[in-house]
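Below, read A as the first sequence line, B as the second, and so on, with proteins coming before strands; counting in each chain starts at 1.
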There are 2 protein chains.
Amino acid sequence: MLKLSKLTDYATVILSHMAKDYLGMYASQEVSERTGIAQPTVSKILKILVKAKILTSVRGAKGGYLLASAPENITVAMVINALEGPIALTECSLSHKNCDHVRDCDIQGNWGVINQKILTMLESVTLADMLEPIKPANEIRISASSFFR
Amino acid sequence: MLKLSKLTDYATVILSHMAKDYLGMYASQEVSERTGIAQPTVSKILKILVKAKILTSVRGAKGGYLLASAPENITVAMVINALEGPIALTECSLSHKNCDHVRDCDIQGNWGVINQKILTMLESVTLADMLEPIKPANEIRISASSFFR
DNA sequence: ATTAAATAGTACTAAACTAGTCCACAATAA
DNA sequence: TTATTGTGGACTAGTTTAGTACTATTTAAT
């Protein structure tokens, strides 16, 4: 299905909530209430985002989380990378070492090219972009995608 | 990790093998030997590809599998779709119905746009492209991807 | 100092998914 | 008729994911 994990999906929801007032501080409790995502899950995601330096945290009472940089500087690729690790469609895109048993594989390089294109695309979309209402033109292109039922 | 399943990876290896002589017929046994992928696994993948109309099959002795169309007309998107189902990064890209518990989700539409871009890209790469040696220019761009360690 | 509020880190469980295998059945060439 | 090859479905072991729980640490407020 080539899909993102639920946690990554949640992370973008959480971050776009926080990006609305990106200088403000948010407690995990509040984020949970505002997004409808269970508190322990929100907490887990926030911790991961701190470790990835996408958020910074303040401990103690009145503590919370805030964006480590402006929404324009946080890319979708960064978020995916934080929650799922490196973006690599195939093992080969990451390292060319482990192809023991597949003998006539002429195609790893090309997977690498495809992978790189996706990466570039995901790096070009920022949190700020995610907040903007979608363009009508794009909306039309979406519904035109009938190939994948 | 945003990765394809192993089976999808195998499928592209198998198909690119078959694409070298795309009018020829290939028994699963032979494909297994030539690719180094275990026979039952090859067999499973070939069956799936037939169901997706990417291959056609001939039963009985001297039977086998052949490409249902020229390598130029078989896209990477078709192969992924066959093995993993619809390409949809988030649930929302597929259907906007199930977002019950996430209240302030302003971003599904934008996921749809991203998804569509990836889809368009994957639809533009054919089996024929996968067989061609990669361009040196692309090779350089791959190794330049240091962001995702 | 004490308490309450908040994050940090880690471990755990249940459910879902994936890879891989196997077997009984159907079709066809020789 | 027999050997060869695909068809369809079921099954298992292993891995991954989502979600939860618990303890420790930090800090503001009193």
Side-chain angles (χ1 to χ4, degrees), chain A residues 1-11 13-14 18 24-33 35-66 68 80 82-85 88-91 98 101-102, chain B residues 1-11 13-14 18 24-33 35-68 80 82-86 88-91 98 101-102:
Chain A
M1 159 101 106
L2 188 61
K3 69 160 188 266
L4 299 171
S5 73
K6 271 192 182 184
L7 294 187
T8 304
D9 198 353
Y10 292 163
V13 172
I14 290 170
M18 295 176 69
M25 186 141 68
Y26 299 81
S28 69
Q29 177 68 35
E30 185 218 321
V31 174
S32 167
E33 281 162 13
T35 59
I37 302 167
Q39 204 277 326
T41 302
V42 168
S43 190
K44 178 180 193 170
I45 292 167
L46 291 173
K47 285 178 218 170
I48 292 169
L49 293 173
V50 168
K51 206 172 270 176
K53 296 194 174 24
I54 292 170
L55 298 179
T56 50
S57 62
V58 177
R59 294 175 72 152
K62 304 270 175 186
Y65 297 88
L66 55 145
I80 296 175
L83 281 115
E84 317 198 12
L89 291 188
T90 62
E91 295 299 330
N98 302 350
H101 67 306
V102 176
Chain B
M1 160 104 103
L2 188 62
K3 70 159 187 263
L4 299 172
S5 72
K6 272 192 182 185
L7 294 187
T8 304
D9 198 353
Y10 292 163
V13 172
I14 291 171
M18 294 177 69
M25 185 142 67
Y26 298 82
S28 69
Q29 177 67 35
E30 184 217 321
V31 173
S32 167
E33 281 161 14
T35 59
I37 303 166
Q39 204 277 327
T41 301
V42 168
S43 188
K44 179 182 193 169
I45 293 167
L46 291 172
K47 284 180 222 171
I48 292 169
L49 292 173
V50 168
K51 206 172 270 177
K53 295 194 175 25
I54 292 170
L55 298 179
T56 50
S57 61
V58 177
R59 294 174 72 152
K62 304 270 176 188
Y65 297 88
L66 55 146
L67 296 193
I80 295 176
L83 279 114
E84 318 198 10
L89 292 187
T90 62
E91 295 298 329
N98 302 350
H101 67 305
V102 176

- Counting N and O atoms only, with roles assigned by atom type, does the side chain of A/E84 sit under 3.5 Å from a partner on the main chain of A/L4, one being a donor and the other an acceptor?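 Looks like no, no N/O pair under 3.5 Å.
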- Query: Mapping A/L4 and B/V58 onto DNA chain D by nearest heavy atom, which one lands closer to the 5' end?
  - Reply: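 The residue whose closest nucleotide sits nearer the 5' end is B/V58.
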(request) Would you mind telling me which residue lines up with the more 5' stretch of DNA chain D, B/S43 or A/T8, judged by nearest nucleotide? (result)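 By nearest-heavy-atom nucleotide position, the 5'-most residue is B/S43.
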[atom1] of [X] versus [atom2] of [N]: gap in Å, rounded?
| X | N | atom1 | atom2 | value |
| --- | --- | --- | --- | --- |
| B/Y10 | C/dG20 | OH | C1' | 9 Å |
| A/Q29 | C/dA8 | CD | P | 16 Å |
| A/K47 | D/dT26 | NZ | P | 15 Å |
| A/E30 | C/dT7 | CD | C1' | 15 Å |
| B/L83 | C/dA19 | CG | C1' | 12 Å |
| B/Q39 | C/dA19 | CD | C1' | 15 Å |
| B/I45 | D/dG6 | CD1 | C1' | 16 Å |
| B/L46 | D/dT7 | CG | P | 9 Å |

Considering non-hydrogen atoms only, spot the tightest contact between [X] and [Y] and give its length.
| X | Y | value |
| --- | --- | --- |
| B/K53 | B/A68 | O-CB, 3.3 Å |
| B/A82 | B/I48 | O-CG2, 3.6 Å |
| A/L66 | A/M25 | CD2-SD, 3.7 Å |

Is there a donor and acceptor pair, one atom on the side chain of A/R59 and one on the base of D/dT25, closer than 3.5 Å?
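A donor-acceptor contact between them is present.
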Looking at [atom1] of [X] and [atom2] of [Y], how far apart are the two atoms once the value is rounded to the nearest 0.5 Å?
| X | Y | atom1 | atom2 | result |
| --- | --- | --- | --- | --- |
| B/L2 | B/L89 | CG | CG | 6.5 Å |
| A/L46 | A/L55 | CG | CG | 6.0 Å |
| A/M18 | A/T35 | CE | OG1 | 11.0 Å |
| A/I45 | A/K6 | CD1 | NZ | 11.0 Å |

Which nucleotide in the set C/dA19, D/dG6, D/dA29 lies at the smallest distance from any side-chain heavy atom of B/K44?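 In terms of side-chain proximity for B/K44, the closest of C/dA19, D/dG6, D/dA29 is C/dA19.
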Q.
What's the closest nucleotide to the side chain of B/A27 if the choices are C/dT21, D/dT20, D/dT5?
A.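 Ranking C/dT21, D/dT20, D/dT5 by closest atom to the B/A27 side chain puts D/dT5 first.
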*Please step through side chain to side chain contact (heavy atoms under 4.5 Å, CB included) for the pair A/E30 and A/Y65, ending with a clear verdict.*
CA-CA 11 Å; A/E30 185 218 321; A/Y65 297 88; over 6 Å; no
So, does A/T41 get its side chain near the phosphate of D/dA18, meaning an N or O under 4.0 Å from OP1 or OP2?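 No.
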Distance check: side-chain N/O of A/Y65 vs OP1/OP2 of C/dA8, anything under 4.0 Å?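 A/Y65 to C/dA8 OP1/OP2: side-chain N or O found under 4.0 Å.
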Can you list, by residue number, the residues of residues 48-57 of chain B that have a non-hydrogen atom closer than 4.0 angstrom to DNA chain C?
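Close to the strand, none.
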Item to complete: Assign A/G60 to base, sugar-phosphate, or nothing according to its heavy-atom contacts below 4.0 angstrom with the strands shown.
Response: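 Counting heavy atoms under 4.0 Å across all strands, the contact made by A/G60 includes a base.
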Protein-nucleic acid N or O pairs under 3.5 Å, nucleotides 15-17 of chain D:
none

Cut-off 3.5 Å, no hydrogens considered: what does the side-chain donor-acceptor table look like for residues 36-44 of chain B, sequence neighbours left out?
| residue | atom | partner | partner atom | Å |
| --- | --- | --- | --- | --- |
| B/Q39 | NE2 | B/S28 | OG | 2.8 |

